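Input: a single structure, listed below in structure tokens.
Predicted model only: the values in this text are computed from it and were never measured.
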Amino acid sequence: MGTVHYVPLSKQAIALLHELQEITGGRQHLFPSTKGDGKTMSMGTMNKALDIMGYKGRQDVHGFRGLASTILNERDRSLRDIVELQLSHLTGNSTERAYNAAEHMDDRTKMMQDWADYIDEQRLLGKQNLKRA
């Protein structure tokens with residue numbers, strides 16, 4: 001979007017990034033390109049991984065944004081504006097955007113922690129359902 005976008009992270013995301021940093025060492029990027037060109041992994045590489053995992057035609061990397069937006073808005077309608085800010089979407093008309101530079105970081109941080117907790121709950125439910133099957 002051509003602007004700085006700050007993204008608050010959940011405790012779970014921070015822990016995963018620390019684990020990943022141990023694997024990647026002192027490299028500039030946590031998700032480096034395999035070409036060794038100093039760039040990051042491409043969206044195509046991540047989408048290929050999803051294809052290999054069996055999600056071809058059903059899910060792509062960018063689709064996770066839509067999935068999160070839908071679930072967050074379904075769970076709490078009052079989060080709409082916070083979700084849009086978190087996704088770096090422009091909202092309101094140009095006058096509103098010129099005068100309102102609010103970031104709502106406290107609300108976004110809480111939402112991201114709640115989202116991570118929800119994902120953990122779903123993962124545990126999935127494990128329990130697999131044990132029953």
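Leu67 and Leu50 fall within the same hydrophobic cluster, where Ile, Leu, Val, Met, Phe, Trp and Tyr residues are linked whenever their side-chain heavy atoms come under 4.5 Å apart, directly or through other members. Note on Leu17: it clusters hydrophobically with Met46, by side-chain heavy-atom contacts below 4.5 Å among ILVMFWY residues. When the side chains of ILVMFWY residues are joined at heavy-atom separations under 4.5 Å, either directly or via intervening members, Val83 and Trp115 end up in a single hydrophobic cluster. Under the 4.5 Å side-chain heavy-atom criterion for ILVMFWY residues, a single connected hydrophobic cluster contains both Leu79 and Met112. Neither Ile119 nor Leu16 shares a network with the other; the hydrophobic side chains, linked directly or stepwise wherever heavy atoms of I, L, V, M, F, W or Y lie under 4.5 Å apart, form separate groups for each.
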* **Leu125 vs Gln122, side chain to side chain contact (heavy atoms under 4.5 Å, CB included): CA-CA, chis, key distance, verdict** => CA-CA 5 Å; Leu125 284 173; Gln122 297 307 303; 4.0 Å; yes
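Within a 6.0 Å sphere centred on CZ of Arg123, heavy atoms belonging to other residues, nucleotides or ligands number more than 12. In this structure, Asp106 places its CG atom where only 12 or fewer heavy-atom neighbours from other residues, nucleotides or ligands lie under 6.0 Å away.
Atom-to-atom distance recorded for Leu85:CG and Arg80:CZ is 10.5 Å, nearest 0.5 angstrom. Atoms CG and NZ, on Asp120 and Lys11 in that order, are 11.5 Å from each other to the nearest 0.5 Å. Rounding to the nearest 0.5 angstrom, the gap separating the CG atom in Asp76 from the CD1 atom in Ile71 is 14.0 Å. With rounding to the nearest 0.5 Å, the separation of CD1 in Ile82 from CG in Leu72 is 11.0 Å. Rounding to the nearest 0.5 angstrom, the gap separating the CZ atom in Arg108 from the CG atom in Leu9 is 10.5 Å.
In summary, Lys48 and Asp51 do not engage in a salt bridge, as defined by a charged side-chain N under 4.0 Å from a carboxylate O. Ionic pairing of Asp114 and Lys110 is present here: one or more N-O contacts between side-chain nitrogen and carboxylate oxygen are shorter than 4.0 angstrom.
Between Gln21 and Leu30 there is a side-chain heavy-atom pair separated by less than 4.5 Å. You'll find the side chain of Arg132 reaches within 4.5 Å of the side chain of Asn129, heavy atoms only. For the pair His29/Thr24, no side-chain contact is recorded, criterion being any heavy-atom separation below 4.5 Å from C-beta on. Within the 4.5 Å cutoff, side-chain heavy atoms of Phe31 are placed close to those of Leu20. Considering only heavy atoms from C-beta on, Gln113 comes within 4.5 Å of Ser10 through its side chain. In this structure the side chain of Arg65 reaches within 4.5 angstrom of the side chain of His89, judged on heavy atoms.
Residue Gln28 comes nearest to Gly38 through the heavy atom pair OE1-O, 4.2 Å, listed as atom of the first residue, atom of the second, then distance. Here the closest non-hydrogen pair linking Thr109 and Pro8 is OG1-CB, 3.2 Å. Contact between Asp60 and Asn47 at its shortest, heavy atoms only, is CB-OD1, 3.2 Å. The minimum heavy-atom distance between Gln59 and Phe64, with the atom names listed, is NE2-N, 3.1 Å.
A donor-acceptor pair is defined here as one N or O able to donate and one able to accept, closer than 3.5 Å; such a pair exists between the side chain of Arg97 and the backbone of Gly92. Without hydrogens or angle criteria, His5 side chain to Leu87 main chain gives no donor-acceptor distance under 3.5 Å. With hydrogens and angles ignored, the 3.5 Å screen pairs a side-chain donor or acceptor of Asn73 with a backbone N or O of Ser69.
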